[in-house]
Amino acid sequence: GSERKPRPLPSHAPVPGRPAAVLQRTLETRISAGLSGNPPRLSAAGMQAGVDAIVSLLGDARARGPDATVLVATSAVRDAVNGADFREQVLATTGPPLRILSGAEEATFIGRGVLSEPALAGLTEFQLFDLGGGSLECLTFRDGHATQALSLPLGCVRLTERFVRHPEAPLSHTDRSAVEAWVRQTLLASGCVPARPAVPQAVFAGGTMTTARAILGARAGLPMERSSPRLSVADLARLLDEVAGYVERQPQFVAHTIRDNIEHTADMMGGLWGLRKSSGLNLHAEYAAYKEDPEKGHRNGHDQNFLTDV
């Protein structure tokens, strides 16, 4: 994906028809920078970061002895004029071929994945929105079946590159209004929003909404898995108002880490942490050295343990 590479999920099926994940790992590897260009193009650095992430995840997966390995790419690679170059680079480096999903395939597979989620077993009439870096997948479900599936070019990275003039600065009212107008126009033109006839529920997936839930849960003193999965529009609007000006209020803020997966168990993932320039840390150099340590750098979750140690 544009924001994170696919998770290795070797699985077994203790219950017929219900695979059970035995390993799940996410690497925040954004490869979609440059998609707003004309033509859209993946950068050399982004492609190399993507290949490196795949190599790392394949190592984790192969240790579990999966019967088969499938690599897929979505919006960022699909839309880039050099997406085929990235596919060849992955093949030459890793061995397994990379399948570039069409927009319809991406939306359809997301829908199939959602329908296998036990927490959504009772929902039959709803819309699903999966927000990534390159695209927004919109699906409409009726009687438990996807009746409409669209992939729209409304990903976070794509919109930032197109409309936000100074990403490092507070989000201006002008840029925010431009994003809102374009998203509204594109959704209405797609015929996906609003659903007709209307559906009573909306389900959101993707890192943005996961992080929003984690932040709101942390403020209530709850870990994410115990926080409410229902986020109100009002809460999200207040959170946007807050973070839109965050850089201005804390100019020394350079990074944050937050637990967004129940399998993140390192001490560092126990809350919301921030790093400032004044910390004096050279994270790139220190992490490179950490990964070379034979006792630390090759353990599962070594990136989390590294943050805990520093």
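By convention here, the first residue in the shown sequence is residue 1.
The heavy-atom pair separating Gln148 from Ser190 by the smallest distance is NE2-O, 4.5 Å. The minimum heavy-atom distance between Leu222 and Ser227, with the atom names listed, is CD1-CA, 4.1 Å. Contact detail for Thr208 and Cys156: the closest heavy-atom pair is OG1-SG, 3.6 Å. Pairing each heavy atom of Val90 with each of Pro96, the nearest pair is CG1-O, 4.4 Å. Of all heavy-atom pairs spanning Gln127 and Cys192, the tightest one is NE2-O, 2.8 Å. Taking both residues in full, the closest heavy atoms of Ala76 and Ile31 are given as CB-CG1, 4.3 Å, listed atom of the first, atom of the second, then distance.
Between Pro97 and Leu71 there is no side-chain heavy-atom pair separated by less than 4.5 Å. With a 4.5 Å cut-off on side-chain heavy atoms, Phe204 and Leu131 do not count as touching. Residues Leu91 and Gln89 fail the side-chain proximity criterion, which asks for heavy atoms closer than 4.5 Å. Contact check for Leu240 versus Arg176: side-chain heavy atoms found under the 4.5 Å cut-off. You'll find the side chain of Val183 reaches within 4.5 Å of the side chain of Leu159, heavy atoms only.
Arg87 places no side-chain N or O within 3.5 Å of a backbone atom of Ile100 that could act as its donor or acceptor partner. Using a distance-only test at 3.5 Å, with no hydrogens or angles considered, a donor-acceptor pair links the side chain of Asp175 to the main chain of Arg165. A donor-acceptor pair under 3.5 Å links the side-chain atoms of Glu105 to the main chain of Ser102, judged by distance alone.
By the criterion of side-chain heavy atoms lying less than 4.5 angstrom apart, applied directly or through intervening Ile, Leu, Val, Met, Phe, Trp or Tyr residues, Ile215 is grouped together with Val243 in one hydrophobic cluster. Hydrophobic clustering (side-chain heavy atoms under 4.5 Å, transitive across Ile, Leu, Val, Met, Phe, Trp, Tyr) keeps Val81 apart from Leu42. Following chains of ILVMFWY side-chain contacts shorter than 4.5 Å, one cannot reach Val203 starting from Val199, and the two form parts of different hydrophobic clusters.
Salt-bridge annotation for Glu242 and Arg219: present, with a side-chain N of the basic residue lying under 4.0 Å from a carboxylate O of the acidic one. No salt bridge links Asp241 with Arg238; every basic N to acidic carboxylate O contact stays at or beyond 4.0 Å.
Here the CZ-CG distance, from Arg230 to Asp235, works out to 13.5 Å after rounding to the nearest 0.5 Å. Summarising the geometry, atom OG1 belonging to Thr124 is positioned 9.5 Å from atom CD belonging to Gln201; distances are rounded to the nearest 0.5 Å. In this structure, CG on Leu139 lies 9.5 Å from CD on Glu106, to the nearest 0.5 angstrom. Asn82 CG to Arg41 CZ: the interatomic distance, rounded to the nearest 0.5 Å, is 5.0 Å. Between atom CZ of residue Arg78 and atom CZ of residue Phe86 there is a gap of 14.0 Å, rounded to the nearest 0.5 Å. In this structure, CG on Leu58 lies 10.5 Å from OG1 on Thr93, to the nearest 0.5 angstrom.
Within 6.0 Å of the CZ atom in Arg142, the count of heavy atoms belonging to other residues, nucleotides or ligands exceeds 12.
Of the candidates Thr186, Leu187, Leu188, Arg184 forms a side chain to side chain contact (heavy atoms under 4.5 Å, CB included) with just one, namely Leu188. Of the candidates Met224, Met209, Arg213, Arg213 is the only one forming a side chain to side chain contact (heavy atoms under 4.5 Å, CB included) with Pro229.
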Passes side-chain contact (heavy atoms from CB on, under 4.5 Å), Leu98 versus Val72? Steps please. CA-CA 5 Å; Leu98 177 68; Val72 299; 5.5 Å; no
Test side-chain contact (heavy atoms from CB on, under 4.5 Å) on Asp143 and Glu125 and set out the steps. CA-CA 6 Å; Asp143 295 325; Glu125 308 279 328; 3.3 Å; yes
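Side-chain contact of Glu137 with Ser135: a donor-acceptor pair under 3.5 Å is present, judged by distance alone.
Using bins of under 30°, 30° to 60° and over 60° for the plane-to-plane angle, the ring pair Phe141/Phe126 lands in the parallel bin.
For Asp85, there are no side-chain hydrogen bond (donor to acceptor under 3.5 Å, both in side chains) partners, not counting sequence neighbours.
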